[in-house]
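Everything on this sheet refers to the single structure shown next.
Computed from a predicted model, the values in this text were never measured in an experiment. Each chain gets a letter, A, B and so on, in the order its sequence line appears, and its residues count up from 1.
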Number of protein chains: 2
Amino acid sequence: MTFSRRPDLSKTSSKASSRTVSRVRPPREALPPRPSEGISIAGVAEQAGVSVATVSRVLNGHENVRPATRAKVLAAVDASGYRVNELARNLRTAESRLLLTMVPDVGNPFYAEIVRGIDSVARQHGYFMLLCDTGADPGRERSYFDLLRRRRADGAICLDPATIQQALGEASGALPWVACCEFDPAVGVPYVGIDNYRAAGDAVRHLLARGHRRIGLINSDVGYLYARQRQQGYLDALREAGITPNENWRMNLNSLDYEAGASAAAVLAQQAQAPSAIFAVSDTLAIGVIHGLRSVGKRVPDDIAVVGFDDISLAAQVDPPLTTVAQPMRELGETAARLLLQRLANPLANVPGVLLPHRLVIRGST
Amino acid sequence: MTFSRRPDLSKTSSKASSRTVSRVRPPREALPPRPSEGISIAGVAEQAGVSVATVSRVLNGHENVRPATRAKVLAAVDASGYRVNELARNLRTAESRLLLTMVPDVGNPFYAEIVRGIDSVARQHGYFMLLCDTGADPGRERSYFDLLRRRRADGAICLDPATIQQALGEASGALPWVACCEFDPAVGVPYVGIDNYRAAGDAVRHLLARGHRRIGLINSDVGYLYARQRQQGYLDALREAGITPNENWRMNLNSLDYEAGASAAAVLAQQAQAPSAIFAVSDTLAIGVIHGLRSVGKRVPDDIAVVGFDDISLAAQVDPPLTTVAQPMRELGETAARLLLQRLANPLANVPGVLLPHRLVIRGST
DNA sequence: GTGAAAGCGCTAACAC
DNA sequence: GTGTTAGCGCTTTCAC
């Protein structure tokens, strides 16, 4: 196999098994003497007066079982309240039927709809989706990919830029995962997302059309590809309009929280020569921006116009309603899930990268 | 065992295996010929020149292994890139080390912080948390509890009122789960939450102290205990102040979405005799209410004051900032996780119900 | 159409 | 300290 040559960091950790989760199991506190609760397939077989093989066939919907036999088995199943032990089944079939979805922050509403899209497709195909909040913590990110290596999940969909960057660096290319929203086309990992460059350009061109020439950018960390792409879209759109971008109107944040947007906006607006419009690369940021502007006495859009990105459901509810670049969130999730399923079904086929269309939604904030 | 006597509904479903997920496995589409990829513990043992038992001991951090031997094993592990197959381990130990968390809607920010609390405690104890969005869909709710019955998870924390109601009805009392936020003290399921009756009373008393006497209530479905408790708190607080509650100022919604709050508020505000204050039982609703009021030309708080419930991070960001009843979200999650872990460690001990303190946060909306 | 038996990869007695 | 071995509960040849 082609997994990482350097399975984990435990060698370098001093304390015995404090951080070595990926190789040495954490000591379990007083293992309960779990009585082998529940009936097994053998019990059902006995009750039904057939062999375990027959029970298994019925359970798995095989055709070659006489109806009368099938009925006997089903009756025994109902009578005993038997539930298949999937741990055993999965060991035997070497699949867990679990899909991981890694997001940097479940609290960011942008991810909720994407997650729903993934979940619905997964469910349709007999998989459960396991949602993981990486919290942008490298340790957690790593541990989730380890879930894959240790066969607790069959595949993963990653929405966390930080995780993706890291994952691309390591030899995780052989792992069954796909990237969603954040990705690098140059690497061989299947992905789905939007054209961030064009989308950002569209936002800026909208502002230009409204007569703005002093346009600020509140971006996230340019370590992320989407941040670089949106920034480039912003810069190029300005230059195409004959405007030289002003460095003082550009900020890079390491958070997408409302608060981060609010304080950044306050800084931007209180400069001597303040921008007349602000493009924030996320709706959460933009909503914070509106709040921040108001807190320093600026009116939106009269004093300063604001454009966001994502079109979360909240965007239409704030005051003023937010102009924003809509991403097809549900479709992004659905597509990501389908790509992953495709890759799982055929590990060799090279799954394509997919770009979905975005849309500018004009509301009251511009 | 004492699971449900009526394991599932498959008997009553007409189509062969369409809805019989809980007993008959969905047909898998073209099972990939998974080559037994990866090295097993036997391979490591061979490479290290020891027995599988020794490898297992090293992997599980047992003490009785000579340092030299341990080093040999660790070297073989690193060289081979071996990862333990948890499917096998879990089958053997009869535990999955997975905890389920069921929420009705991952998009509702109220749950995000609770989920983080759960996750952090779970993680500290060597468990992974699996987040499930029930979407208030009975089929999905049921399928998640089935995950427990089928041993794919060791325990569950349920935040979905609808699921809890249903779960209490069925004979799922023997399953290892706890209720969080929504619960019924009368039933024997461990729970953690707040005193909804007092909290709602506090909100209303705050409005009364501000001089309001026409106070409306935007509630969710009274099928939920928390909704009934908050309603009762609202009613009693009014009566204690000598006010006869006006039925026209009370609405019950079957959604907590922003939109639902917005349209309800519009209805309430446009009555002949409109309330001068509105208490909404969730911040998402309250934020929608503010938007809805504005859309019909009402100013907050000048024309109508608004109080929410939960204190999600967004509450401080909207305009005007929302007065609300803060729930200790992180602690709710942490406590729920601890209760579950406790129950898992000792299935017989009767785990208590826990009530955590709430707090009224006064901001600009009142 | 049904049963017997092998074995998935691991842990934990039990020997030595 | 270390090795041998018996399962955990299931699916799946291979016989019959």
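- When the P atom of D:dT13 is taken as reference, atom CG of A:N64 falls 12 Å away, rounded to whole Å.
- One can place CG of A:N85 at 13 Å from C1' of C:dC8, the figure rounded to the nearest angstrom.
- Whole-Å rounding puts the B:R92 CZ to C:dG9 C1' distance at 11 Å.
- Distances from the side chain of A:I41 to the nucleotides D:dC10, C:dG3, D:dT2 place D:dC10 closest.
- Checking the phosphate oxygens (OP1, OP2) of C:dG3, a side-chain nitrogen or oxygen of A:T54 falls inside 4.0 Å.
- The nearest whole Å value for the distance from the CG atom in B:N90 to the C1' atom in C:dC8 is 14 Å.
- Ring-plane geometry between A:F183 and A:Y191 is classed as parallel, the angle between the planes falling under 30 degrees on a 0 to 90 degree scale with a further cut at 60.
- Side-chain proximity of B:V84 to the nucleotides D:dT5, C:dA5, C:dC10 is greatest for C:dC10.
- Here D:dT11 presents its C1' atom at 15 Å from CG of A:L87, a figure rounded to the nearest Å.
- Considering only side-chain N and O atoms, B:R89 lies under 4.0 angstrom from the phosphate OP1 or OP2 of C:dT11.
- Nearest nucleotide to the B:T69 side chain, out of D:dG1, D:dT4, C:dC10: D:dG1.
- Scanning all heavy atoms of the two residues, the minimum distance from B:E141 to B:A162 falls at OE2-CB, 3.7 Å.
- In this structure, the nucleotide among D:dT11, D:dC14, D:dT4 sitting nearest to the side chain of B:A53 is D:dT4.
- Residue A:R66 places its side chain closer to C:dT2 than to any other of D:dT2, C:dT2, D:dC10.
- The nearest whole Å value for the distance from the NE2 atom in A:H62 to the C1' atom in C:dG3 is 16 Å.
- For the atom pair B:S40 OG and B:R83 CZ, the distance stands at 15.5 Å (nearest 0.5 Å).
- Looking at A:R57, its side chain comes within 3.5 Å of the base of C:dG3 through a donor and an acceptor atom.
- With D:dT2, D:dT11, C:dT11 as the candidates, the nucleotide lying closest to the side chain of A:V52 is D:dT11.
- Distance CG (B:N60) to P (C:dG9): 17 Å, rounded to an integer number of Å.
- Inter-residue side-chain proximity for B:I118 and B:L131 is flagged as unmet; no heavy-atom pair is nearer than 4.5 Å.
- The residue B:S40 sits close only to the backbone: its heavy atoms come under 4.0 Å of sugar-phosphate atoms, none of a base.
- Taking atom CZ of residue A:R97 and atom P of nucleotide D:dC10, one finds them 18 Å apart after rounding to whole Å.
- Closest to the side chain of A:L91, out of C:dG9, D:dG3, C:dC10, is C:dG9.
- A:D119 and A:R116 are not joined by a salt bridge, as no carboxylate oxygen comes within less than 4.0 angstrom of a charged side-chain nitrogen.
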